[in-house]
Amino acid sequence: MREAIAAHVHDGDTVAIEGFTHCISFAAGHEIIRQRRRNLTLARMTPDLIYDQMVAAGCAKKLIFSWLGNPGVGSLHAIRRRTEPAALAAGEVLLEIEEYSHHGMVGRYVAGAHRLPFYPLRSYSESDLPTVNPLIRQVESPYGDGKIWAVPPLNPDVAIIHAQRADEEGNVQAWGLLGCQKEAAFAAKRVIAVVEEIVPVSVVRADPNRTIIPGLVVDAVVHEPYGAHPSYVQGAYDRDNAFYREWDTISRDAAATEAWLQEWVYGVPDRAAYVAKFGAEYFTRLTPMSAPSGSVDYGDYR
Amino acid sequence: MREAIAAHVHDGDTVAIEGFTHCISFAAGHEIIRQRRRNLTLARMTPDLIYDQMVAAGCAKKLIFSWLGNPGVGSLHAIRRRTEPAALAAGEVLLEIEEYSHHGMVGRYVAGAHRLPFYPLRSYSESDLPTVNPLIRQVESPYGDGKIWAVPPLNPDVAIIHAQRADEEGNVQAWGLLGCQKEAAFAAKRVIAVVEEIVPVSVVRADPNRTIIPGLVVDAVVHEPYGAHPSYVQGAYDRDNAFYREWDTISRDAAATEAWLQEWVYGVPDRAAYVAKFGAEYFTRLTPMSAPSGSVDYGDYR
Amino acid sequence: MSETKPASRNELMVVAAARALQGKRVCFVGVGLPNIAVNLAKRTVAPQMELVYEAGVFGAKPSRLPLSIGDPTIVTGSIATVSMHDLFGLYLQGGRIDVGFLGGAQIDKYGNLNTTVIGDYAAPKTRLPGSGGACEIAINAKEIMVIMRQSTRSFVKELDFRTSPGHLGGAVDAAALRREQGWGGSGPSVVVTDLAVYGFDADGEMSLRSIHPGATLDEVKGSIGWELRVPAEVPETPAPTVEELRLIREELDPTGAYV
Amino acid sequence: MSETKPASRNELMVVAAARALQGKRVCFVGVGLPNIAVNLAKRTVAPQMELVYEAGVFGAKPSRLPLSIGDPTIVTGSIATVSMHDLFGLYLQGGRIDVGFLGGAQIDKYGNLNTTVIGDYAAPKTRLPGSGGACEIAINAKEIMVIMRQSTRSFVKELDFRTSPGHLGGAVDAAALRREQGWGGSGPSVVVTDLAVYGFDADGEMSLRSIHPGATLDEVKGSIGWELRVPAEVPETPAPTVEELRLIREELDPTGAYV
C-alpha cells in the first residue's frame with residue numbers, strides 16, 4: 001500500500017475512494033493521511049468516515065459528493081467544522097463543496113468512464129441544487145421532447161477500489177453491493193485495487209461474469225486483509241457499526257479526533273499493525289457465518 | 001409458451017427477441033410463426049436465423065437492427081429476398097429497414113430502459129448511416145465541447161429473453177454473454193422470460209448478483225428446455241454451428257425454406273415436439289463437459 | 001394476554017405510515033422509521049409489497065434490523081443486488097417504483113423538502129447531509145410519502161433550501177411542469193407525523209386528514225409554521241391494534257432503537 | 001524436418017497482418033482471418049497482447065476455433081464477460097482499445113469502408129450485413145488495421161455507401177474533424193491484402209508499402225480501382241517463416257477453414 005499511494009496519489013489530485021457503505025478502502029485513506037498528502041479534491045457519493053478523517057487530517061481542499069453523513073448514525077462532524085463558518089477553527093478555511101444527488105454522482109462517473117461530454121438524467125427539476133452548482137445544466141433533446149438535466153464527466157486522477165479478490169494482474173471480482181466501483185475505476189486516470197485476497201488467475205477465469213474491473217485498467221494491486229474496516233466486505237467481515245457510532249462521539253471534539261488519528265493512523269505503520277492493535281479476537285466477532293452462492297456451470301467447449 | 005405468445009404478442013407489435021448469439025429464443029419465434037402473427041416490427045441487434053425464419057413466414061413488416069448476417073457463415077437469404085428489389089418475389093413488398101450500429105442499438109434499449117429521451121454516443125461521424133436513418137441525430141453538449149451523436153429510446157411492446165434459469169416469480173439469472181437482455185427487458189412494455197430451468201427462489205436468493213432481470217418486470221415465465229436451439233445456452237448446450245451452415249443452403253431457396261418451416265415449425269405443435277423430432281442423442285452431442293464457476297460466500301449476517 | 005402499554009407518538013407515526021401503504025406494490029425504502037413502517041406494512045396491510053433499497057438491493061430479506069442503508073444483511077438472501085447505475089437508472093428513473101419515502105429537516109405546505117442546509121448555502125448555520133437520492137426519488141417515484149416529526153422548526157413557511165420538489169406552487173402548475181419535464185411521479189400524497197396525518201388538496205396544498213389519539217388540534221396547529229388548512233371534520237387517527245404494537249415492540253424494533 | 005509447402009496468398013495475408021501487430025497491447029478482434037492473425041501474433045510478435053471480443057469478452061482463452069463471434073468457447077475461461085453496454089461504452093468508447101480490425105466489401109483510397117450495400121441504399125443490388133460495431137470501432141479504436149482481399153470490385157474509387165469512416169478527405173481535414181468531434185482514434189494505419197501491404201501517407205491517402213512474394217506490381221495496380229500511389233522503392237514483404245506457417249497449419253487453422 002505504501003508504494004501504491006506514493007506512486008499514484010499526489011498533492012492536488014482528485015481522488016475517488018469509492019464503495020457504497022460496502023468495500024470502502026480505509027486502509028488507503030489512512031496511508032494517504034500518513035503520507036501527508038495535501039490539497040486533494042475528494043470525490044465520493046457518500047464521504048463517510050474515511051473522508052471525515054482525511055479532512056480532519058488536513059488532506060482535503062474540496063469535496064465532491066451527494067450525501068454527507070454518518071450512515072445510520074448522523075453527521076460527519078469534522079467535515080461540518082470545515083463547512084459551517086461558526087464552527088470553523090482559527091486559521092482554517094471552508095472546504096470547497098461541489099454537490100450532486102446520488103444519480104448525478106453515478107452519472108458523472110458513467111460519463112467519465114464512457115468518455116461522454118455529459119450524462120443525461122431526470123432529476124433536479126425545481127430543486128435549488130442547480131442554482132448552487134452551475135455544473136448541473138440542461139440539455140435539449142434532439143427529438144423535440146424538451147429539455148432534460150445533465151451532469152459533466154468526472155475523471156478522477158486516481159480511483160481506489162476495495163473488493164473481495166483479484167489475481168496478480170489486477171482482474172478484480174466482487175459481490176454484494178457494487179456501488180459505482182466499476183464506473184469510478186474506468187473513469188479514473190489511475191486505479192489502485194485493494195483486495196482481501198489475491199487468487200490465482202484460474203479462480204477469476206472460472207467465473208468471468210463475476211469480474212467487475214479488468215487488470216487492463218488497474219495500475220496497482222494491493223493485498224490488504226481487513227483493509228475496509230470499519231466498513232465491511234460481503235462474506236468476509238461485518239460492518240463495525242459500534243465504531244461508526246463511536247466516531248460520532250470522537251469526531252464531535254477536534255482534540256479527540258486528533259488524538260484518535262495519532263493513535264490509530266499516525267501511530268501505526270500500516271494496516272497490518274492497525275489490525276494487530278485491535279487483536280484477532282476483535283475481528284472474529286465481526287466474521288459472519290457462511291452463506292454460499294452455489295456454483296453454476298459455464299461448460300467446457302472444445 | 002403458447003399461452004404466453006397468445007397473451008403478449010399481437011399483430012403489429014414491436015417485438016424484441018434479444019440475445020447476442022447466445023440465448024436466442026427460437027422457441028418463442030417459432031410459436032409466433034405458428035400463431036401467424038402479422039405486421040410485426042422485429043427489433044434485434046443481429047436478426048440471426050430466427051428473424052430470417054420469421055420474415056420467410058410472413059410475420060414481419062419492418063426490421064430494426066445493427067448487423068444483418070448469419071454469424072460465421074454469411075447472409076440471411078430470406079431477408080435479402082425482401083430487401084433486394086431484384087430478388088423480390090411477385091406480390092411481395094420490400095421490408096422496412098431501420099438500421100443502426102451495435103452501440104446505437106444497445107443505446108436505444110438503454111434509453112428506453114432508463115426512460116431517457118435519447119442516448120448519447122461517439123459514433124456515426126462522417127458515416128452515411130445518419131443520412132439514411134433520420135432518427136440518428138446530433139445533440140449539443142451543455143458544456144461547450146461541441147456536438148455528439150444520439151439515438152432515440154426503443155421501448156418494444158414485448159421483449160422475449162432466454163436464460164439459464166428463473167424462479168416461479170420470473171426472477172431471471174444468466175451467465176455467459178449477456179448481450180443487451182437486461183436493457184431490452186427493462187425497456188419493454190411486456191416481458192416474456194424463457195428459461196432452461198425453473199428453480200426454487202432459494203437458488204436465486206443464494207446469489208443475488210447473478211440476477212439480471214427481476215420478476216418485477218416479467219409478465220410471463222416459460223420453462224422451455226433447449227428453447228434456444230440452434231442458438232446455445234452457456235453451460236447447457238453448444239451452438240449448433242452445423243445447422244447455421246445448413247440454413248445457408250436451405251434459405252437460398254424460397255421453396256426449401258418454406259418446406260423447412262412446414263416440417264420444423266408448422267409441423268410440430270411445440271418445442272418439446274421439435275426436440276423429440278431431433279431425438280435425445282442429437283442434443284447429447286451438443287452437451288459440453290462441465291466447467292464449474294466455483295462458489296463465493298455472501299455471509300450470513302444476523 | 002397481558003395489558004398492552006399504550007402507543008407512543010413514534011409508534012402512532014409508524015403505524016399510520018404503515019397503513020398508508022395498503023395495496024402498494026413496489027416501495028423505495030430508507031433506514032430508520034420508514035424501514036420499520038414498511039416492514040410493519042408487509043406484515044399487515046401490504047404483504048405483497050416488494051422493497052427496493054437505495055443501496056442497490058431488490059427483494060431484500062434482512063435477518064436483522066439494518067443500521068445503515070448498505071448493511072450486508074439486506075444483500076444476503078435478496079432477489080437481486082445491482083449497481084447504483086442500474087438502481088437509479090433502471091429501477092427508479094425507469095419508473096418501477098410506486099412509493100418513495102422521504103423525510104427532511106424542513107417541509108413547506110406544498111411538500112417541498114429541505115435536507116441540505118439550515119441558513120445560507122454558502123455559509124450554513126447547519127450543514128445537513130444533502131440530497132442523496134431524495135431529489136430523484138421526489139421526481140421519479142410514482143408517489144411520495146413523508147414521515148417526519150413536526151415542529152415550527154421543521155414545518156416552515158419558507159424553506160432555507162429546496163432539495164426535493166413537492167407540489168411546487170400548487171398542483172396546477174406542478175402537474176403541468178411534471179408533464180412537460182417528463183417527471184415520473186405525481187409528488188407527495190401523504191405526510192405522517194408524530195401528531196397527525198396530512199394529505200394534499202387538489203391545488204397541492206397540505207391539509208389535515210386526521211389527528212392521532214392523545215394529540216389536540218391546537219397542538220397540531222401550534223407546531224406548524226403556516227396557517228394550516230383544516231377541514232370542517234377532522235377524525236381521530238384509528239388507534240394501533242394490539243398486534244401492530246406487538247410487531248413493532250417484539251419483532252421490528254425490539255431494542256427500541258428507532259421507535 | 002520435412003519440406004514446408006510454400007505459403008498461400010491467404011497465409012501471406014495472415015502473416016503480414018500478424019507482424020503488423022508487433023508490440024500492440026489491446027486488440028478488438030472479430031472472427032475469421034483477423035482472429036487467426038491475432039492469435040498468430042500472440043504466439044509470435046505480440047505475446048502480451050490482450051484480446052477483446054465484440055460479443056462482450058475480455059481475455060478470452062478459446063480452446064477451439066470459434067465459428068461465430070459469440071461462440072461459448074470464448075466465454076469459458078475468459079477474464080471478464082460483460083454486457084454489450086459495458087463492452088461498447090467502457091472498453092471501446094472509453095478508449096481502452098489500441099487496435100481494431102476491420103474489413104469490408106469496398107474500401108477507398110482514404111480507408112473509408114463499406115459493409116452496408118452494393119448499389120443504391122433504398123433499392124440495393126446486394127444487401128450486406130451493415131455496420132455491426134464497425135462504425136464505432138473505426139472512430140474509437142486508437143488505430144485501425146484492415147484485412148481484405150483486393151480486386152477492382154473491392155478497392156474502388158467511389159464507395160456505394162460509407163459505413164465506417166477512414167481518413168475522409170485526407171488526413172488534414174480528418175485530423176481536425178477527429179479533434180473537434182472528439183474521436184478516440186487516429187484511423188486506419190495498415191491495409192493488408194492477399195497481394196500487398198499498404199500504409200497511409202501524411203495526407204491520409206493509401207500508399208503501397210510492400211508486395212508479397214510471388215505478386216507483381218502490375219498485378220497489384222491492376223486490382224485497384226484508382227491510380228495507386230507507389231513509392232520509388234517497393235520492398236518485398238518478408239516471407240513467412242517455417243514456424244509461422246506451422247502455427248497456422250497445425251494449430252490455428254488445422255482444417256484450413258479460414259486460411
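Values below: every heavy atom of this structure, side chains too, minus hydrogens, waters and symmetry copies. Residue numbers begin at 1 in each chain, while the letters A, B, ... track the order of the sequences.
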J.: Measuring from A:L129:CG to A:Y100:OH, what's the distance to the nearest 0.5 Å?
T.: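 Separation between the atoms: 10.5 Å.
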J.: Between B:R239 and B:Y244, is NZ or CZ placed under 6.0 angstrom from the six-membered ring centre and within 45° of the ring axis?
T.: yes
J.: Against chain B, work out which of A:P292, A:A174, A:P152, A:S141 has the most heavy-atom pairs shorter than 4.5 Å and name it.
T.: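 Heavy-atom pairs under 4.5 Å are most numerous for A:P152.
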J.: Is the B:Y124 ring parallel, tilted or perpendicular to the B:W149 ring (thresholds 30°, 60°)?
T.: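 Perpendicular, since the angle between the ring planes exceeds 60°.
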J.: Could you tell me which portion of A:L121 (side chain, backbone, both or neither) has an atom closer than 4.5 angstrom to a non-hydrogen atom of chain B?
T.: backbone
J.: Say whether, by atom type as modelled, one donor and one acceptor occur between the side chain of B:S231 and the main chain of B:T21 under 3.5 angstrom.
T.: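 Yes; judged by distance alone, with no hydrogens or angles, the pair exists.
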J.: Can you tell me which portion of A:R165 sits under 4.5 Å from chain B's heavy atoms? Options are side chain, backbone, both or neither.
T.: side chain
J.: With side chains defined as the heavy atoms from C-beta onward, is the minimum distance between B:P142 and A:K147 less than 4.5 Å?
T.: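 The answer is no; the side chains never approach within 4.5 Å.
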J.: Between A:Y119 and chain B, which part of the residue has a heavy atom less than 4.5 Å away: side chain, backbone, both or neither?
T.: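 Only the side chain of A:Y119 comes within 4.5 Å of chain B.
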J.: Does any backbone or side-chain atom of A:I148 lie under 4.5 Å from a heavy atom of chain B? Answer side chain, backbone, both or neither.
T.: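 Answer is side chain: those atoms of A:I148 sit under 4.5 Å from chain B.
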J.: Out of B:D207, B:V296, B:V139, which one racks up the most heavy-atom pairs below 4.5 Å with chain A?
T.: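 The residue among B:D207, B:V296, B:V139 with the greatest pair count is B:V296.
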J.: Which bit of A:P208 is near chain B, if near means a heavy-atom gap under 4.5 Å: side chain, backbone, both or neither?
T.: neither
J.: What part of A:D145 is in contact with chain B, defined as an atom under 4.5 angstrom from a non-hydrogen atom: side chain, backbone, both or neither?
T.: side chain
J.: Tell me, with the steps shown, if A:Y143 and B:F118 meet ring pair (Phe, Tyr, Trp, His ring centres under 6.0 Å).
T.: CA-CA 8 Å; A:Y143 300 99; B:F118 64 91; 7.1 Å; no
J.: Taking atom CD as the centre, does B:E96 end up with more than 12 heavy-atom neighbours from other residues, nucleotides or ligands that are less than 6.0 angstrom away?
T.: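 Count over threshold, so yes.
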J.: Which one of B:H114, B:Q138, B:R115 has the most heavy-atom pairs closer than 4.5 Å to chain A?
T.: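 Looking at each of B:H114, B:Q138, B:R115 in turn, B:R115 comes out on top.
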J.: Chain B heavy atoms under 4.5 Å from A:Q173: which part of the residue, side chain, backbone, both or neither?
T.: neither
J.: Atom OG of B:S293 and atom OH of A:Y298: how far apart are they, to the nearest 0.5 Å?
T.: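 Separation between the atoms: 6.0 Å.
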J.: Could you look at A:A236 and say if it's the side chain, the backbone, both or neither that has a heavy atom under 4.5 Å from chain B?
T.: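 For A:A236, the contact with chain B is made by the backbone alone.
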J.: Tell me whether the rings of A:F283 and A:F278 are parallel (<30°), tilted (30 to 60°) or perpendicular (>60°).
T.: perpendicular
J.: Could you have a look at B:T287, B:L177, B:L135 and say which one has the most heavy-atom pairs with chain A under 4.5 angstrom?
T.: B:L135
J.: Check each atom of A:E140 against the heavy atoms of chain B and say whether the ones under 4.5 Å are side chain, backbone, both or neither.
T.: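 A:E140 touches chain B through backbone heavy atoms alone.
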